[in-house]
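Letters A, B, ... are given to chains in the order of the sequence lines, protein chains preceding strands, and every chain is numbered from 1.
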Number of protein chains: 2
Amino acid sequence: MSKGRVTVVDIAHAAGVSKSTVSLVLQGSPLVNEATRAKVNAVIRDLGYVYNRAAANLRQTASSKIIGIVVNDLTNSFFAELAVGVDMVVQSAGYVQFLSNTGESIDRQREVIASMREHGISGLIISPARGTEAADFKPLVASGIPVVLTVRNISGAKVSSLLSDNRMGAAQAVAHLAGLGHRRIAFLGGFPDTAVFEDRLKGFRDGLAAAGLPFAEELIVGSAPSRAGGVEAIERAMLIAERPTAALCFNDAVAFGVCDGLRARRMEPGADFAVIGFDDVIEAKTAVPALTTVNVDPQGMGRRAAQLLMKQINAGKAEPEAIVGAVRLVVRQSCGAGMKNQQWRNAV
Amino acid sequence: MSKGRVTVVDIAHAAGVSKSTVSLVLQGSPLVNEATRAKVNAVIRDLGYVYNRAAANLRQTASSKIIGIVVNDLTNSFFAELAVGVDMVVQSAGYVQFLSNTGESIDRQREVIASMREHGISGLIISPARGTEAADFKPLVASGIPVVLTVRNISGAKVSSLLSDNRMGAAQAVAHLAGLGHRRIAFLGGFPDTAVFEDRLKGFRDGLAAAGLPFAEELIVGSAPSRAGGVEAIERAMLIAERPTAALCFNDAVAFGVCDGLRARRMEPGADFAVIGFDDVIEAKTAVPALTTVNVDPQGMGRRAAQLLMKQINAGKAEPEAIVGAVRLVVRQSCGAGMKNQQWRNAV
DNA sequence: CTGTTAGCGCTTTCAG
DNA sequence: CTGAAAGCGCTAACAG
């Protein structure tokens, strides 16, 4: 049945034209007679020809129509959503995406990037693993492949980045809590050695300062950025002498864990203790009001990142562009009974 | 800086050997002198050479080292976990994965598969969109590209499949509930027109029959397989004249929604109403006992699927293999106070 | 063990 | 508008 791959010369032969005519048809060139084009297309269908991009790409200087995306934890719905967003624009631009998961392993990340480079990706979107250095992108940018950093930034890397304004979001969240009358506000969850943590913590302090509240070291409780971590964090927070009455959580997973922990203590999240979680992955799919969130819309972030990358690819050689706060940050309050809805958007 | 791509001939020149020697080094052939190899490798590093797989693949009959994976909903953590599992084995086999999301769109799926084919994937793992037909895989199998179906099966497709034994899992779950003394057991959530739904429902009936319980149509409440759907389903179930006291949920998202809905009614999941959810994605990351689950271990499923695919790729032309119940199904009870832990495994 | 010689499937001048 | 010829970066015989 399939005796060797069917190639342009096969279809040229069958259609009674030459290779190059077929090639032109393939590229939708206007230089070819309508009748000829129809004939060629018919033959293509009949013979079940499939275009060989590897070969095409080898010859022409154009790009491979494949973009790479590497995330540090696909298991985290935030990144899964991000990937979906990227995939949407990538697909509709006729590209296809290499997706790899590093699991925060920097070695894996290096391998993966190398592998993608061998496959000739025409661009890379990456949420770098912890510990990534600017030098890791050197070879990529040297060969003119556009790179877009998302979620986490790497200082000194001469590439584009797309980050949400974590600092401002956190400050707003604190303002919200302070507005409700809370004076002992904890910051729960997250690994203190990440830039994101730092930013959110800074915003937390900004918010306290703006509300005229004192900063207390003891109210910062780090933990794994997971649901389990949230449980652990609230447990520890409850051991503090002068207990907090509200918390800003590092992310939504932590926030859910905090709610779990509160319920385990017979406290009602939102009523007995105010909870705000960063990110809005799980909550977005939840019909039942559970907690207040600061929303980063990961899917939208993925789309924007992909659009930015596409722009760079099409522009040939563009300057790196740093975008902060490009992503909608919404404080959505959906938690207790005594609260009203409030939303705001960051400047774009 | 980068004046045209550096190629084998460049490095051959610089190392004072010939193209083919370089090629041999690249492939780790033992036919080359140790000293020469070292020299060549040094030059490769110095010049920042990157291997061009497209070119290599064009020449040799071997495979492209890229495998495709398409899922119907990456937004669902189950599939994200699946992708992570696949990625693990794919990466360690030196392959790279094309990942695409169809969002249940059959057109998108067709496009995506076509695109992957053009890029010369050497194998495909797919959780087909609803409505996929056996014919959709015809061209792929005709060109000898191994395909592995996961999660959902397509009858008549002559390709391998890796499915969990949903029927048996559901039956076991019902047996568990019946063992606790429940007699009005609902089946909540899921779209009735999927094979998975059917299988689970069949198992549900099996379980009822085995426990000597009657089957009541009214206790089957379909909904979107999401958290929101779960809320909706439990609401509807509570309107039934003779209320259920327990439910088997289509998946864990639904189960979480059901728990939400119960709490909204001031009922305690596990104590006042028993809940079992299929799948175990979210729960696995939760420290707080929430509900009993039937565990399908999506990541393990991804790994197995990828291994199966790799086997087929390496074997050249292997027979399609259908594996059912290969994946661990565990009923893990972690919900109310009055229950004991129970586990079992399916035959592998 | 190393060099020479052909192509893989496609695009692309450059002439008809 | 179509055909002939060259070559992308690599591997695969086959000689040296």
A.B. asks: Can you list, in residue-number order, the parts of residues 11-26 of chain A that come under 4.0 Å of DNA chain D, counting heavy atoms only?
C.D. replies: A:V17, A:S18, A:K19, A:S20, A:T21

A.B. asks: Nearest-Å distance, CZ (A:R59) to P (C:dT12)?
C.D. replies: 7 Å

A.B. asks: May I have all residue pairs that pass ring-ring contact (aromatic ring centres under 6.0 Å, His included) and include part of residues 115-136 of chain A, sequence neighbours excluded?
C.D. replies: A:F98-A:H119

A.B. asks: From NE2 of A:H119 over to C1' of D:dC10, roughly how many Å is that when rounded to an integer?
C.D. replies: 15 Å

A.B. asks: Output the rounded distance in Å from NZ (B:K65) to P (D:dT11).
C.D. replies: 13 Å

A.B. asks: Can you tell me how far C1' of C:dC10 sits from CZ of A:R53, to the nearest Å?
C.D. replies: 12 Å

A.B. asks: Do B:K158 and B:K138 make a side-chain contact, defined as non-hydrogen atoms from C-beta onward lying under 4.5 Å apart?
C.D. replies: no

A.B. asks: Where are the stems of DNA chain D, defined as at least 3 consecutive Watson-Crick or wobble G-U pairs with both distances under 3.5 Å?
C.D. replies: C:1-4 with D:13-16, C:6-16 with D:1-11

A.B. asks: Return the polar atom pairs (N/O with N/O) between nucleotides 14-16 of chain D and the protein under 3.5 Å, or none.
C.D. replies:
none

A.B. asks: Just how far, in rounded Å, is P of C:dG7 from CG of A:L58?
C.D. replies: 17 Å

A.B. asks: According to salt bridge (charged side-chain N to carboxylate O under 4.0 Å, His left out), who are the partners of A:R53, at least two apart in sequence or on a separate chain?
C.D. replies: B:E118

A.B. asks: Among residues at least two apart in sequence or on other chains, which ones pass side chain to side chain contact (heavy atoms under 4.5 Å, CB included) with A:A134?
C.D. replies: A:I154, A:A157

A.B. asks: For B:T36 and B:A55, take the nucleotide of DNA chain C holding the closest heavy atom to each; which residue's nucleotide lies nearer the 5' end?
C.D. replies: B:T36

A.B. asks: Show every donor-acceptor pair shorter than 3.5 Å between a side-chain atom in residues 126-133 of chain B and any protein atom, with sequence neighbours excluded, or say none if there are none.
C.D. replies:
unit_1	atom_1	unit_2	atom_2	d
B:S127	OG	B:N72	OD1	2.5
B:R130	NH1	B:D193	OD1	2.9
B:R130	NH1	B:D193	OD2	3.1
B:T132	OG1	B:Q109	NE2	2.9
B:T132	OG1	B:A129	N	3.3
B:T132	OG1	B:A129	O	2.6

A.B. asks: Output a table of donor-acceptor pairs, distance under 3.5 Å, between side-chain atoms of residues 34-41 of chain B and any protein atom two or more places apart or on a different chain; print 'none' if there are none.
C.D. replies:
unit_1	atom_1	unit_2	atom_2	d
B:R37	NH2	B:S29	O	2.8
B:N41	ND2	B:R37	O	3.4

A.B. asks: Measure the distance from CG on A:N57 to P on C:dC8 and round it to the nearest whole Å.
C.D. replies: 19 Å

A.B. asks: Listed by chain and number, what are the side chain to side chain contact (heavy atoms under 4.5 Å, CB included) partners of B:N52, not counting sequence neighbours?
C.D. replies: A:L58, B:R5, B:A54, B:A55

A.B. asks: What is the separation between atom CG on B:N52 and atom C1' on C:dG9, rounded to the nearest whole Å?
C.D. replies: 14 Å

A.B. asks: Give every residue pair that meets the salt bridge (Lys or Arg N to Asp or Glu O under 4.0 Å) criterion with at least one member in residues 89-108 of chain A, sequence neighbours excluded.
C.D. replies: A:E104-A:R152

A.B. asks: For B:A54 and B:Q27, find the nucleotide of DNA chain D closest to each by heavy atoms; which residue's nucleotide sits nearer the 5' end?
C.D. replies: B:A54

A.B. asks: Mind checking side chain to side chain contact (heavy atoms under 4.5 Å, CB included) for B:E111 and listing every partner two or more places apart, or none if nothing turns up?
C.D. replies: none

A.B. asks: How would you list, by chain and number, every residue that makes a side chain to side chain contact (heavy atoms under 4.5 Å, CB included) with A:A93, sequence neighbours excluded?
C.D. replies: A:Y95, A:M310

A.B. asks: Any luck finding a side-chain donor-acceptor pair between B:Q97 and A:S100 under 3.5 Å?
C.D. replies: no

A.B. asks: D:dG3 P sits how many Å from A:L31 CG, rounded?
C.D. replies: 14 Å

